[in-house]
Structure formats: C-alpha cells, structure tokens
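Step one of this worksheet: look at the structure below.
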2 protein chains.
Amino acid sequence: MSRTKKEVTIYDIAAQLDVSVATVSRALRDDPVVSVKTKKKVFDLAEKYGYQTNQFARNLRKQQTNTIGVIIPRLNSYFMAAVIAGIEQVANQAGYNLIISQSSESAERESINVRTMFNNRVDGLLVSLSYHTNNLDPFEKFAKKNIPVIFFDRTPESSTFTNIRINNVQAGYEATKHLLSKGRRRIVHVTVSSTESVYRERFRGYAQALAEYGVPLDMNLVYLGDLSLEAGADAAKFIHSLPQKADGVFVANDNCAAGCVIGLKAHGLRVPEDIAVVGFNDDPVSRIVEPNLTTVHYPGHEMGELAARSLINHLNGAADIMLTQTILLRSDLVVRESTG
Amino acid sequence: MSRTKKEVTIYDIAAQLDVSVATVSRALRDDPVVSVKTKKKVFDLAEKYGYQTNQFARNLRKQQTNTIGVIIPRLNSYFMAAVIAGIEQVANQAGYNLIISQSSESAERESINVRTMFNNRVDGLLVSLSYHTNNLDPFEKFAKKNIPVIFFDRTPESSTFTNIRINNVQAGYEATKHLLSKGRRRIVHVTVSSTESVYRERFRGYAQALAEYGVPLDMNLVYLGDLSLEAGADAAKFIHSLPQKADGVFVANDNCAAGCVIGLKAHGLRVPEDIAVVGFNDDPVSRIVEPNLTTVHYPGHEMGELAARSLINHLNGAADIMLTQTILLRSDLVVRESTG
DNA sequence: TTGTATGCGTTATCAT
DNA sequence: ATGATAACGCATACAA
C-alpha cells in the first residue's frame, strides 16, 4: 500500500552535479539558455538515475493539469469506441491524460459531468452531446475561463464553440436520394426525438431529397424511438402496420437499422425486394445482418484524432482553435445488399 | 488560452474567517478534531466562494495521484466497452481519474504502456492482457514499489497478482457439452493462437467435454486465427473443406462466430441443421446474426465495477486485495437458435 | 549562462 | 481545538 521508495528529483541531480536546481530544471526542458555541456551532463545523470518529472509539482506550479476531459453519451457503439481510440492515441502521445465520462444520454448527468470536469480543472474538454441536451449553459463556465471546449459528432445547433462533425444534412440527403434513385417513393425515416442537431440534420437531408424528387414529406412516415436494436424492431412493426405499404427506410443508425431489418423479415417482408433499408455509421453489424446494410460511412478514429489534435495544438499555442467554427469531415454512402 | 481567474484557496477562507489554514484544511476534510461550529463556518464560506480543492497540491503533498491506469488490448468489442464503462463509473464516483491505453494485442506496445503508466505514477493498474503477452516482467516494477496491479478477463496463467475473471475452463466445457448433448460429435474449435490463458482454458474445457463423451480430441479440428469477423469467414472455409464433415463449432468469441455463421451459410451449410454453432461473450451481434447465436454470457460491466472497486478499496486501505488471488465471476450459457 | 529565492495549495508535525 | 510552519517538486522573476 505504501509508496515509500524515494523518487529522484531535480535536487538530487543538482547536488550530484554541483549546479543549481534552476539549471537542472531548465536543462531538462531543453531550455536554449543552458549550455550544451551542462545539458548533456544533466541528461546523462537523469537517465542514469531514471529521473521522472513529477507532474503534480509541475501542474501545481504551472496551474494546468495536462488533462483532457472527454464527455460522451455512451461507450456502447463501435463508432464511439473508434473515436475514443483516436483521442486516446493522440493524447497519450502528446503526454496528456484523459478523463472520460458518460452522460448516458441524459442532459442532467451531462451537466454533472461537465461540472466535475471543471472541478478537476481539465485543460480542455471534448464533448459529444446527449440526445436531450437543450442548452449549453453548463459549458459557459469553461468559456468564461477561456478553457477550450470542442464538440465532436453530436455538436450543438449553434454556439460559439468549435465543432468537428460531418455534414449530416448532406449525408441524410444522399442516403435518401439513393433510395429514391432505386425507385422507392414511400420512404420511412427512423430516428430519435432529439433536441440535438445531428438527427435533425439527417432528417433535413431526408426531407430535401424527397422534395427534390417531388415526393411530399409525410410526417406519418417518420418513426421516433431511441435508435436501439429494440427500437428497430418496433419500427419494423410500425412499418408493417402502415395502411399504405412503405418501400424504403432510412434509419439514423446501423444498430437500429439491423434490428429493423430483422423485424421486417420476421413480418414476412423481403429486404430489399419489398422494402430497401439504409443505415448510418458503417458499424460492423452492417456487415453481419442479412442482407448487409447500405449505410453512411464516416471516420470515427480520424474524428477522434482530429479533435484531440486540435485541442492540444490550441493548448500548446500552436493554433487558435477558437478561430475555427466548424471542421467538416467527409462521409460516404456505402452501397450493399439491403438496397438491392 | 490563459487560465487567469484566481482560484479561491484555503488561505482565502482562513483569512476571511480569521482562523488558520490548518483549521480550514482540517475542517474541509471533516476532521473530528475540529469543533462543529468552526466546521460549519468553514463549510458555509467554502460553499459561498465555490471553493474547490486543488488536486495537484494535494497530490504533491500526499505523494499519490488519484489516478488509475487501465490497459486493454482494444476498445473494439461490446464486452470491453462494457467493462470500461463499469470501471469509469466506480472510479469517477470515488474521485479517481482514469488513464486508458490500448496495447492493440501487441506485447511490445503493452510493455510500453505499462512503463508510461509507471512514469505517470498511477496509484494502481487494471490490466487485460494482449494475446501475445508471454511474460510479466514489465509489471515487476509495480510489484517492487507495492503499487497494486489487478488483471481482469485476460489474466495471466500464473502470477502473484490478483485476477478477476470467469472460469473459462468451465465455460468452454459447458459450451462444448451443449453441442455434444445435441448429438454433435465432430466439433470444430475456432480460437486464437495465444500465449495468454483465457483461450487456452476455453480449449481445455472443450477437450474435457469431448473426453467426457468419449470423443477423441482431434487437433485437425482446431482452427487458429485472430478471432476477427474475417477469421470467422476463413474458419467457415476451413470447415467447408474438411474431408469429414463437422457438425458443430465452438468459437471463442461472438464476433468471429458471427463471421463464421455467415461464411457457413455462404458455403451452403445450414445452421444449425448441418452444423451447430456456439459463440462466446453474448455480444449484441449474437442477436443479429441469423440464426441467433448460442453463446456464453458473462457480466462485463460488473467485472469492470468489481475491478475498480477492489483496487480503490485497496488503495483506501479498506481491504487488502493482495491477499486475494483470484475472484471468479459466474458465466452462463445462453441457448439460442444456432444450436437448434 | 547560471544561481537565488519564492510561490503554487495542501497536508502533517509539532506546539500551544 | 487551534495555530505556525515546514515540506512536497518544480518553474520562474530577478539578480549576478
């Protein structure tokens, strides 16, 4: 339990070398003001002693924590895991630590998490919003103290914070247009009732594509759930019960789309012959469900890397992220069997 | 970029209340030695000022970091995400931070990660080993300094560290026995060539069950891959090419099992009529692939909670985890359509 | 180029 | 029950 063994400090090195701790401190950080000779001596001895800088002393002194806070809705999708992996990679490499917490899609828990992060004095925050976040007040404390906040993927509709995301309107538009191009005209949209912009934008894209093809938007064809596997099954039931048969579905995520495909088949509908299905995310399940899902692919790992890199560059003063309003990543429609 | 606004410290409170910082410090930590009256005054003012203890000063002083290191092979399975979520929940609640890093199934990267954790002076380590870890030397530094290390799920074959896992021999035994009880006799086992014990134990269980039914172990029926979706497809090809038809498969994880089922079907084999399949993990894909997979369920979230809780209790001195060699969690066979 | 001295915010020891 | 003060290890303003 005890952490007794004494650590070696710059004092030890200074004493051994008969120089001041200031010199050692400077040498260790490669301060150009220190002579090459002294630096070498210091480095060598530090190496020999296995010296490690004490981050806490340094943080205390510098008034910053070298820690990045990450708040996500849930760590339960392949996509989110990929994003986190990307963040982790960049942060680790840059010597930053990560505090990760989950809002579980609750605006309230999100708000608590934000406060915790604040109290932990994170240097910056990376956030993907919950379904139900309807105001950004909790983040204002960060803004007031000039602590950078970057939203990724699930970004707010409008704010002064930096966003990293894809063009969800366009992605939704392309997904729907693909169905239309296959001759489908009664297209159901399965999504979530969310205050958060991502799903609203996908819906907008859906509506735009319909409009372009002269298909009137019918809100009776929009099914709201929580986008879970089970919600997909419910959506299938809904579709099956429709008085006028639908011939296409655009589901706002793959998990739910997979549940929907399975449900549709259970109801005796053939995919894609009777009804074509498009998902979103290019989750591995899209290649397991039969038929494989046509879906929108976008780069989770890269998004994570980019978010972390942007934040860290900003913290290092290498770039001012606050000047950047939005970074858009590209997304692609991947066509598979579920749309024939 | 600047973090200018001055934080309120115990000095501010002390000055305002005309008591010493020592008293404030004690009061804030609810030290029984401080009078109730003083305590109340301190609490109230701290509340009013929005005082937050500076963790770095505290860490510096107490020589501990309040940080737990987590090393996992990959954040790419539902199971692992669940474990992490469990760890995060407990750690966050106990005021511990998490540093998470991934070994990507490489013993070398794992070793580097261990060193990084050590240099970051984590208070304790939670580890799930890579496929290829064949010695525990990197962890010896921790042992030497009495920094607790707990292995979970992918635990070492034998060591003095604490392990949290399921009985993989038994789980493998039950999975295989289930196939045998369905009358299957030529049972393929798909697993990974790993130095790490989990998969070897599952194999042992497989062998045990066969022995119990008087079925000779045939190493030609053991297929080695990396347990990915693609490896599942390869395994299916292997099974299809078998001179003597197999009638059962036990795959060491669900992802791979799903790939295998799809591959088998592509080769014209009916599941479960021609060949029954059992997976492992109860991953969501097990309920998406058709037919749904019979699989071994075990509690990832609980495992994460338990690992974190054990570590933190140990750190708090509430329990000495080092006395505990192994904690076994229960696992259950979930029977679904893939075994008829 | 190097050294001196001080502060960062807590906790712990020793007095009172 | 409370106070004074010395660490904890590092970074920096200022001096030399």
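Order of the sequence lines sets the chain letters (A, B, ...), proteins ahead of strands, with each chain counted from 1.
Residue B/Arg58 places its side chain closer to C/dT10 than to any other of C/dT10, D/dG9, D/dG3. Considering only the side chain of A/Ala57, D/dC10 comes nearest among C/dT1, C/dG3, D/dC10. Residue B/Val33 places its side chain closer to D/dT2 than to any other of D/dT2, C/dG3, C/dT10. The side chain of B/Ser20 lies closest to D/dG3, out of D/dG3, C/dA5, C/dT2. Picking from D/dG3, C/dT10, C/dT2 the nucleotide with the shortest atom distance to the side chain of A/Val34 gives C/dT2. Considering only the side chain of B/Ile10, C/dT10 comes nearest among C/dT4, D/dC8, C/dT10. Closest approach to the B/Ser35 side chain among C/dG9, D/dT12, D/dT2 is made by D/dT2 (side chain taken as heavy atoms from C-beta onward).
By the 4.5 Å heavy-atom criterion applied to side chains, A/Ile68 and A/Leu126 are counted as neighbours. Inter-residue side-chain proximity for B/Tyr131 and B/Thr195 is flagged as unmet; no heavy-atom pair is nearer than 4.5 Å.
Summary of the strand contacts: A/Val21 and A/Val36 both lie near DNA chain C, and taking for each the nucleotide with the nearest heavy atom, the more 5' one is attributed to A/Val36. Taking for each of B/Val24 and A/Arg26 the nucleotide of DNA chain D with the nearest heavy atom, the 5'-most of the two is the partner of B/Val24.
Applying the 4.0 Å criterion to OP1 and OP2 of C/dT6, one finds that A/Arg61 has every side-chain N and O outside that range. In this model, the phosphate group of D/dC10 is approached by a side-chain N or O of A/Tyr51 to a distance below 4.0 Å at OP1 or OP2. Taking only side-chain nitrogens and oxygens, A/Gln63 never comes nearer than 4.0 Å to OP1 or OP2 of C/dG7. Within the 4.0 Å cut-off from OP1 or OP2 of C/dT2, at least one side-chain nitrogen or oxygen of A/Thr38 is found.
Taking atom CD of residue A/Gln64 and atom C1' of nucleotide C/dG9, one finds them 17 Å apart after rounding to whole Å. Atom CZ in B/Arg121 sits about 14 Å away from atom P in D/dC8, given to the nearest Å. If you measure from atom CG of A/Asp12 to atom P of D/dG9, you get 9 Å, rounded to the nearest angstrom. The interatomic distance linking A/Asn59 (CG) with D/dT12 (P) rounds to 13 Å, in whole Å. Taking atom NZ on A/Lys37 and atom P on C/dT2, their separation rounds to 9 Å, with Å as the unit. The separation between B/Leu60 atom CG and D/dA6 atom C1' is 13 Å, rounded to whole Å.
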| task | Give the C-alpha distance, both sets of side-chain angles, the deciding distance and a yes or no for side-chain hydrogen bond (donor to acceptor under 3.5 Å, both in side chains) between A/Arg29 and A/Ser25. | result | CA-CA 7 Å; A/Arg29 275 168 303 123; A/Ser25 172; 2.9 Å; yes

| said: Please evaluate residues A/Leu125 and A/Phe118 with respect to the criterion side-chain contact (heavy atoms from CB on, under 4.5 Å), reporting the C-alpha separation (whole Å), side-chain torsions for both, the decisive distance (0.1 Å), and the verdict. | reply: CA-CA 9 Å; A/Leu125 207 53; A/Phe118 187 80; over 6 Å; no

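Taking the six-membered ring where the residue is Trp, the centroids of B/Phe151 and B/Phe161 are separated by under 6.0 Å.
No hydrogens or angles were tested; on distance alone, nothing pairs the side chain of A/Tyr11 with the base of D/dC8 as donor and acceptor under 3.5 Å.
No engagement by A/Gln55 is indicated, since no non-hydrogen atom pair under 4.0 Å with the nucleic acid exists. Among the atoms of the strands shown, none is found under 4.0 Å from any heavy atom of A/Asp31.
With respect to B/Glu105 and B/Arg154, a salt bridge is recorded, a charged nitrogen being found less than 4.0 Å from a carboxylate O.
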